[in-house]
Amino acid sequence: IANISFARLNEATVRGLQRNGCEVTVAAGQGCCGALHIHAGLRDLGRQQALQNIEALEKGNYDAYITNAAGCGSVLKEYHELFEHAPELHQRAKSFSSKIKDVSEFLAEVDFNKRLGPLPISITYQDSCHLLHGQKIKQQPRDMLAAIPELTFTELPFSEICCGSAGVYNVEHTEMSMSLLHEKMRMVRLTGAQTIVTANPGCLLQMRAGVEMSNGNERVVHVVELGGHGELVGIVDGQAAVLVKGVVGEEAVEALEYVKADGAGTGGDRGGHEHGVYGARAAGGAGAYVTFVQENNLAGAFVGEVEGGA
C-alpha cells in the first residue's frame, strides 16, 4: 500500500539518505511488516511476514534497515518477541531488529547534512504514538526541523496524545477516533501553523482527514518530506519549491516542483514499473513528477510546463 499511497514519501526518504552519503538499496523480496496482523492477534501470519523480511534483508549485509513508518518500526524492532519459543529464529530476529532505525533516528545519529535551503513557513509537529511512546523517539524529528533555515516551529499542545488513527482504531472505534481528531485539530489551530508535520503514514492520513473535515487549509507532510531532508527546498517566485531529481534512460533530469501550489495535485498507480504520477501547478503551467522503479532503483522525470516552458 505504501509504495502507491506514499510513493513520494518513500522517494523523499531515499533522497534524504543519499544526500547524507548513504548507499540505499531497495531489497527485493521484502513485504508487509505484519504490524496490523499482529495487532489484530494474527500472530502466526505475522511470524510468516517477519520471517520473509528477515530472509530478504539479512543476506544483504546492510549496516541499517531504515523505515519511515513509525508503526512499522515499532513492530520491526520487536520481531524477536514473535520467536521466543524458537531459539535459532529468535536470535536471527533479534539481530535483525537491532538494525532497524526510523529515518529521523538514523539521520540524527549520522549528524545529517545541514546545508538546507530556507523555508519561511510556520509548522507544528504531531508526535506519532508509535515513535514517541513505542520507540521513545522524541527529539530527533525536532532536530531535523530545527536545522531548516527561516522555519517557524511552534510546539503542538498535547502532541503526545494520539490523533485517533492508531492502526485500525479509527475504523473499529470511529466515534472515539473522530473525537480525538477534533480535539487535535483544535490544538493545531491554536498554533497558527501553515503545515502539520508528523512521522507515520496513519497519522498523515488522519491529520489530512482532520484538515478536510474542519475546512482547513494546512498541509500535512512527513518530517523527511520537509525542508530539504529529501532535497533542496527554497523559495522561487514567492512559492516554496523543491528540486526534484530523477533518471530517464541514462540521462539525469532536474526540475523545480512547487510545494505551495495554486492547484491540487493528483496521484495514482499507473501500472507496470511506473510508481505514480503527481501533478502540480506553478506560474500558470501544469506539471507532473513521474516516478517509477527500474532495476530496484527509484527513477523519474518532471514533465509538463513551468513558467510557460516545457
Side-chain angles (χ1 to χ4, degrees), residues 1-10 12-13 32-40 67-76 102-104 121-138 140-142 144-145 153-226 230 259 264-268 276 278:
I1 294 174
N3 284 343
I4 303 302
S5 300
F6 297 98
R8 293 297 303 281
L9 168 56
N10 289 345
T13 302
C32 175
C33 70
L36 295 180
H37 305 85
I38 294 168
H39 294 332
T67 179
N68 54 27
C72 299
S74 290
V75 166
L76 289 164
D102 183 81
V103 61
S104 64
I121 63 173
S122 59
I123 71 163
T124 192
Y125 177 75
Q126 162 63 17
D127 281 292
S128 161
C129 292
H130 280 99
L131 195 62
L132 176 64
H133 305 305
Q135 301 181 56
K136 312 303 181 186
I137 295 173
K138 178 178 181 178
Q140 294 91 324
R142 290 169 169 81
M144 292 176 65
L145 296 172
F153 174 62
T154 302
E155 281 284 358
L156 180 66
F158 306 107
S159 67
E160 73 278 6
I161 294 178
C162 182
C163 66
S165 175
V168 295
Y169 188 88
N170 55 357
V171 176
E172 295 181 341
H173 305 280
T174 305
E175 185 176 349
M176 179 61 75
S177 173
M178 291 300 101
S179 177
L180 288 167
L181 180 58
H182 174 78
E183 185 63 15
K184 186 64 63 177
M185 295 312 301
R186 190 174 74 85
M187 293 296 105
V188 168
R189 300 287 151 70
L190 290 177
T191 70
Q194 299 167 289
T195 299
I196 305 166
V197 183
T198 188
N200 188 53
C203 302
L204 287 169
L205 292 176
Q206 182 83 344
M207 297 300 288
R208 286 171 183 170
V211 170
E212 184 174 349
M213 292 168 62
S214 61
N215 297 315
N217 58 7
E218 297 91 351
R219 292 178 59 241
V220 184
V221 299
H222 191 285
V223 62
V224 82
E225 293 179 295
L226 190 69
V259 177
T266 58
Y278 292 79

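Under the rule for a side chain to side chain donor-acceptor pair (under 3.5 Å), the partners of Ser122 that lie at least two apart in sequence or sit in another chain are Gln194. Applying the side chain to side chain donor-acceptor pair (under 3.5 Å) rule to Thr174 yields no partners; only residues at least two apart in sequence or on another chain are considered. Taking the side chain to side chain donor-acceptor pair (under 3.5 Å) definition, one finds that Glu175 meets it with nothing, sequence neighbours left out.
Formation of a donor-acceptor pair under 3.5 Å by the Gln126 side chain with backbone atoms of Leu204 is not found in this model. In this structure, the side chain of Thr124 engages the main chain of Thr154 through a donor-acceptor pair within 3.5 Å. The backbone N or O of Gln140 lies less than 3.5 Å from no partner atom in the side chain of Ser104, so there is not a single donor-acceptor pair.
With a 4.5 Å cut-off on side-chain heavy atoms, His222 and Val103 count as touching. Annotation: side chain of Ser177 is not in contact with side chain of Leu181 (no heavy-atom distance under 4.5 Å). In this structure, the side chains of Glu225 and Val220 stay at 4.5 Å or more apart for every pair of heavy atoms. Counting heavy atoms from C-beta on, the side chains of Asn68 and Phe6 never come closer than 4.5 Å. By the 4.5 Å heavy-atom criterion applied to side chains, Asn200 and Leu131 are not counted as neighbours. Residues Val75 and His39 form a side-chain contact, since some pair of their non-hydrogen atoms from C-beta on lies under 4.5 Å apart. In this structure, the side chains of His133 and Cys162 stay at 4.5 Å or more apart for every pair of heavy atoms. At a threshold of 4.5 Å between non-hydrogen side-chain atoms, the residues Lys184 and Leu156 count as touching.
Here Ile161 contributes atom CD1 and Leu180 contributes atom CG; the two are 8.0 Å apart, rounded to the nearest 0.5 Å. With rounding to the nearest 0.5 angstrom, the OG1 atom of Thr195 is 6.5 Å from the CG atom of Leu226. Atom CE in Met178 sits 11.5 Å away from atom CE in Met185 (nearest 0.5 Å). Between the CG atom of Leu205 and the SG atom of Cys163 there is a distance of 9.5 Å, given to the nearest 0.5 Å.
Of all non-hydrogen atoms in His130 and Ser74, the two that sit nearest each other are O-OG, 2.8 Å. When every heavy atom of Tyr125 is checked against every heavy atom of Ser159, the shortest pair comes out as O-CB, 3.7 Å. Listed here is the closest heavy atom pair of Val223 and Pro141: CG2-O, 3.9 Å. Minimum interatomic distance between Glu218 and Ala193 (heavy atoms only, all atoms of both residues): CG-O, 3.5 Å. Here the shortest heavy-atom pairing between Thr67 and Gly73 reads CG2-CA, 3.8 Å.
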Check against side chain to side chain contact (heavy atoms under 4.5 Å, CB included), Val211 and Met207: CA-CA 6 Å; Val211 170; Met207 297 300 288; 5.6 Å; no
Stepwise side chain to side chain contact (heavy atoms under 4.5 Å, CB included) test for His182 and Met213: CA-CA 9 Å; His182 174 78; Met213 292 168 62; over 6 Å; no
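Of the N and O atoms on the side chains of Gln135 and Ser128, not one donor lies less than 3.5 Å from an acceptor on the other residue.
At a threshold of 4.0 Å, the pair Lys138-Glu160 does not count as salt-bridged, since none of the basic side-chain nitrogens sits closer than that to a carboxylate oxygen.
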